[in-house]
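Contents: one structure, followed by commentary.
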Amino acid sequence: MSSVRPYRHAVVIGASIGGLCAARVLSDVAERVTLVDRDELPVEPIARRGVPQSRHLHLLLARGRSALEELFPGLSDELIAAGVSAIDLQSDFRWHLDGYLVRPEPSGLIGLAVSRPLLELAIRSRVEALLGVTIADRCEVTGLATSPDRARLTGVRTRNRADDKAESTIDADLVVDAAGRGTRTPVWLEGLGYTRVPEERLGIQVAFISRTYRREPHYLDGHIGETFSPYPGRQLGGVAMAQEGDRFIVTLAIRGEEKLQIGRAAMADYADSFSPGIAEVIRTGKPLSEPAQMRFPASIRRRFEQLDRFPEGYLVIADALCSFNPRYAQGMTVAALEALLLSRLIREGGHELHLRFFAAAAALLDTPWDLMVSGPNVEGERTEEMLAMDQYLERYRAAAAKDAVLGTELIRVINMLDEPSRLFAPDLAERVNRTARPCSR
Ligand SMILES: Cc1cc2nc3c(=O)[nH]c(=O)nc-3n(C[C@H](O)[C@H](O)[C@H](O)COP(=O)(O)OP(=O)(O)OC[C@H]3O[C@@H](n4cnc5c(N)ncnc54)[C@H](O)[C@@H]3O)c2cc1C
């Protein structure tokens with residue numbers, strides 16, 4: 001990196017995975033970087049209020065692991081030394097997708113069975129140590145500061161969440177919003193006279209309930225983890241996985257308006273309907289945490305690339321840009337890939353970074369988004385084309401339960417290593433036709 005840095009001061013809103021990855025790449029191109037978070041950031045690997053999903057199971061996919069490794073060299077080894085398992089995503093982790101178990105076989109696709117709080121803490125420690133980076137916690141961004149014609153951002157307005165509640169403005173020549181799915185950017189921009197950003201929503205109405213247990217070696221027949229997705233006709237799903245510190249985390253998911261009960265017996269009964277293995281963990285495990293609940297009504301994609309006007313010096317990244325149904329565990333991977341994309345675009349140079357970033361990020365997001373749209377659980381009208389795709393993918397999953405090659409290709413797509421269109425390629429379609437028989441789940 002040349003010593004000439006195009007930015008004087010970059011501010012990142014939100015010091016979670018998305019914001020930390022963004023701060024890491026901005027530290028190469030800005031003289032100073034300030035990360036602002038409204039939470040008090042813990043010095044231990046514990047869940048926090050501003051990231052409610054941190055109480056729920058998080059799996060780091062192979063592509064996410066390599067992207068984070070690029071940003072933070074040595075991170076995987078550091079986590080493994082802290083007790084995290086590196087796992088083969090086809091043989092150690094079992095995917096029951098819409099009732100079909102992807103045939104377990106070593107794939108060479110290695111992810112991490114890490115808890116969300118430990119991953120965030122490990123990354124934050126790295127970012128904190130970077131020259132020129134400051135993390136300001138208990139500091140909430142309340143609005144944007146702009147040039148008089150409102151065409152360019154000049155900083156953010158903040159309120160200190162510590163005792164004095166002091167308000168101030170932090171000047172910046174680049175601001176990156178990584179405030180998560182509840183970002184205020186659409187409202188702030190509207191207040192400045194910009195058009196409301198078009199938003200796509202895929203309603204799924206899922207509720208999650210999670211609890212952590214002491215790990216026993218026989219859980220899930222010795223496997224590290226397994227996931228069961230809900231599908232039409234079966235509203236329940238769940239996922240369980242070993243974590244560092246000899247823990248096992250269980251997250252149950254239920255669709256629709258039904259309410260999950262948080263008692264041990266009720267949770268075990270829910271799990272019994274799809275996984276006796278997960279039910280056993282709940283029924284016999286020693287709990288290490290209270291049950292935590294969270295609702296996830298919809299995947300949300302904000303189409304900033306479709307706006308005619310957008311202020312210079314402003315970007316939106318990670319969940320604030322697009323937040324997914326966690327069915328395929330892609331959120332953190334996408335956040336890391338977007339940070340790498342941002343790094344590349346800044347290095348390439350040129351004007352109107354926001355235009356270039358939103359266009360390129362939209363292309364990146366098409367892959368995981370298309371996978372969600374093609375899922376059988378999504379609410380709303382299905383076009384004929386979608387129905388044909390659903391039918392093919394159903395046959396694909398049935399075939400992948402028997403044919404490990406089809407299974408690996410599917411896991412590669414979930415890992416964002418290949419486009420979903422790969423699953424429709426003639427060689428794979430031929431294997432599906434050969435292998436899939438009309439079969440019951
Ligand atoms: C139940 C569930 C399970 C998931 N499982 C997985 C998984 O297995 N694998 C995976 O890769 N992904 C998973 N995800 C997605 C993953 O959690 C996110 O994609 C990832 O954390 C990136 O989020 P983010 O950094 O963009 O936002 P968040 O993690 O939501 O963080 C936003 C941050 O911004 C701060 N903030 C918000 N507003 C302000 C403000 N005004 N001023 C200052 N600070 C502010 C918050 O305090 C917070 O720190 C899951 C999500 C859910 C809901």
Side-chain angles (χ1 to χ4, degrees), residues 11-23 34-42 47-65 67-68 89 93 111-117 119-120 123-124 135-144 156-161 170 175-185 187-188 204 206-210 225 227 237-239 241 243 249 251-253 292-300 316-339 368 414-416:
V11 165
V12 180
I13 310 171
S16 179
I17 303 290
L20 291 165
C21 291
T34 304
L35 264 156
V36 181
D37 203 287
R38 62 185 177 191
D39 268 4
E40 179 168 5
L41 298 173
R48 62 189 173 88
R49 193 160 170 237
V51 185
Q53 72 270 29
S54 55
R55 291 188 166 76
H56 302 272
L57 187 150
H58 275 62
L59 167 69
L60 182 63
L61 297 177
R63 183 90 187 274
R65 190 179 64 85
L68 285 178
L89 289 166
F93 192 89
L112 291 179
V114 60
S115 73
R116 177 67 174 65
L119 181 62
E120 181 180 310
I123 294 177
R124 176 150 38 87
I135 301 183
D137 67 353
R138 292 199 292 170
C139 182
E140 180 172 13
V141 173
T142 54
L144 306 173
V156 293
R157 290 201 303 277
T158 63
R159 181 170 48 230
N160 193 332
R161 288 190 129 198
I170 306 177
V175 176
V176 177
D177 174 14
R181 57 188 274 118
T183 174
R184 305 279 298 153
T185 287
V187 177
W188 290 335
I204 49 162
V206 177
F208 296 107
I209 181 165
S210 294
T227 184
V239 48
M241 188 181 77
Q243 289 181 331
I249 184 168
T251 295
L252 300 180
Q293 297 186 75
M294 176 174 187
R295 280 204 164 272
F296 191 95
S299 303
I300 303 174
V316 183
I317 201 164
D319 277 19
L321 184 58
C322 184
S323 105
F324 302 96
N325 169 359
R327 170 183 167 97
Y328 295 126
Q330 291 167 321
M332 300 188 297
T333 296
V334 168
L337 290 173
E338 285 173 357
I414 289 173
N415 271 269
M416 297 180 61

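Both backbone and side-chain heavy atoms feed into the values below; hydrogens, waters and symmetry mates do not. Read the numbers this way: they start at 1 and go in the same order the structure lists the ligands and their atoms.
By the 3.5 Å distance cut-off applied to N or O atoms, Gly19 is not counted among the residues near ligand 1. In terms of N/O distances under 3.5 Å, ligand 1 is approached by Ala329. The shortest N or O to N or O distance between Arg116 and ligand 1 is under 3.5 Å. Considering backbone and side-chain N/O atoms, Gly18 comes within less than 3.5 Å of an N/O atom of ligand 1. Ligand 1 has no N or O atom lying under 3.5 Å from any N or O atom of Ile13, backbone or side chain.
At a 4.0 Å heavy-atom cut-off, ligand 1 touches Val141 through backbone and side chain alike. Under 4.0 angstrom from ligand 1, there are no non-hydrogen atoms of Thr183. Residue contacts with ligand 1 for Pro52 are absent, since no atom lies close enough (heavy atoms, distance under 4.0 Å). Under 4.0 Å from ligand 1, the heavy atoms of Gln53 that appear belong solely to its side chain. If you look at Pro326 next to ligand 1, the close heavy atoms, those under 4.0 Å, all belong to the side chain. Contact annotation for Arg181 and ligand 1: no heavy atom of the residue comes within less than 4.0 Å of the ligand. With a heavy-atom cut-off of 4.0 Å, Ala178 touches ligand 1 through its backbone alone.
For ligand 1, the atoms sitting less than 4.0 Å from at least one non-hydrogen atom of Cys139 are 43 (C), numbered in the order shown with element in parentheses. The distance from ligand 1 to the heavy atoms of Ala318 drops below 4.0 Å at these ligand atoms: 26 (O). Close approach of ligand 1 to Phe208 (heavy-atom distance below 4.0 Å) involves ligand atoms 1 (C). Residue-ligand proximity, Val36 to ligand 1, at heavy-atom distances under 4.0 Å covers atoms 43 (C), 44 (N).
Of all protein heavy atoms, the one lying nearest to atom 26 (O) of ligand 1 is Asp319 N, 3.0 Å. Of all protein heavy atoms, the one closest to atom 28 (P) of ligand 1 is Ser16 OG, 3.5 Å. Of all protein heavy atoms, the one closest to atom 36 (N) of ligand 1 is Arg38 NE, 3.8 Å. The protein heavy-atom contact nearest to atom 20 (C) of ligand 1 is Met332 CG, 3.9 Å. The nearest protein atom to atom 27 (O) of ligand 1, hydrogens excluded, is given as Gly180 CA, 3.4 Å; this is a heavy-atom distance. In terms of protein heavy-atom proximity, atom 5 (N) of ligand 1 is closest to Leu57 O, 3.3 Å.
Between the side chains of Thr158 and Arg38, no donor-acceptor pair is found at a separation under 3.5 Å. In the model, Ser299 has no side-chain atom that pairs as donor or acceptor with a side-chain atom of Asn325 under 3.5 Å. Under 3.5 Å, the side chains of Arg181 and Ser323 contain a donor-acceptor pair of N or O atoms.
Taken to the nearest 0.5 Å, the CG atom of Asp177 stands 4.5 Å off from the CD1 atom of Ile13. The distance from atom CZ of Arg65 to atom CG of Asn415, rounded to the nearest 0.5 Å, is 10.0 Å. Put simply, CG on Asp37 and CZ on Arg124 are 8.5 Å apart, with the number rounded to the nearest 0.5 Å. The structure places CG of Leu59 at 9.0 Å from OG1 of Thr227, a figure rounded to the nearest 0.5 Å. Atom CD1 of Ile17 and atom CD1 of Ile123 lie 4.0 Å apart (nearest 0.5 Å). One distance of note links CE of Met416 with CG of Leu61; it measures 9.0 Å at 0.5 Å rounding.
With respect to the salt-bridge test (charged N to carboxylate O, under 4.0 angstrom), the residues Arg161 and Glu40 do not qualify. Between Arg48 and Asp39 there is a salt bridge, since at least one side-chain N of the basic residue sits less than 4.0 Å from a carboxylate O of the acidic one.
Between Gly14, Ala179, Ser210, it is Ala179 that holds the heavy atom closest to atom 32 (C) of ligand 1. When the options Asp39, Asp37, Thr158 are ranked by their closest heavy atom to atom 35 (C) of ligand 1, first place goes to Asp37. For atom 6 (C) of ligand 1, the nearest non-hydrogen atom from the set His58, Arg327, Gln330 belongs to His58. Counting only non-hydrogen atoms, the option in Leu59, Leu20, Thr185 that gets closest to atom 9 (N) of ligand 1 is Leu59.
In this structure, Gly182 has no heavy atom closer than 4.0 Å to ligand 1. At least one heavy atom of Met294 sits under 4.0 Å from some atom of ligand 1. Not a single heavy atom of Glu120 lies less than 4.0 angstrom from ligand 1.
When all heavy atoms are compared, the tightest approach of Asn160 to Arg138 is OD1-O, 3.2 Å.
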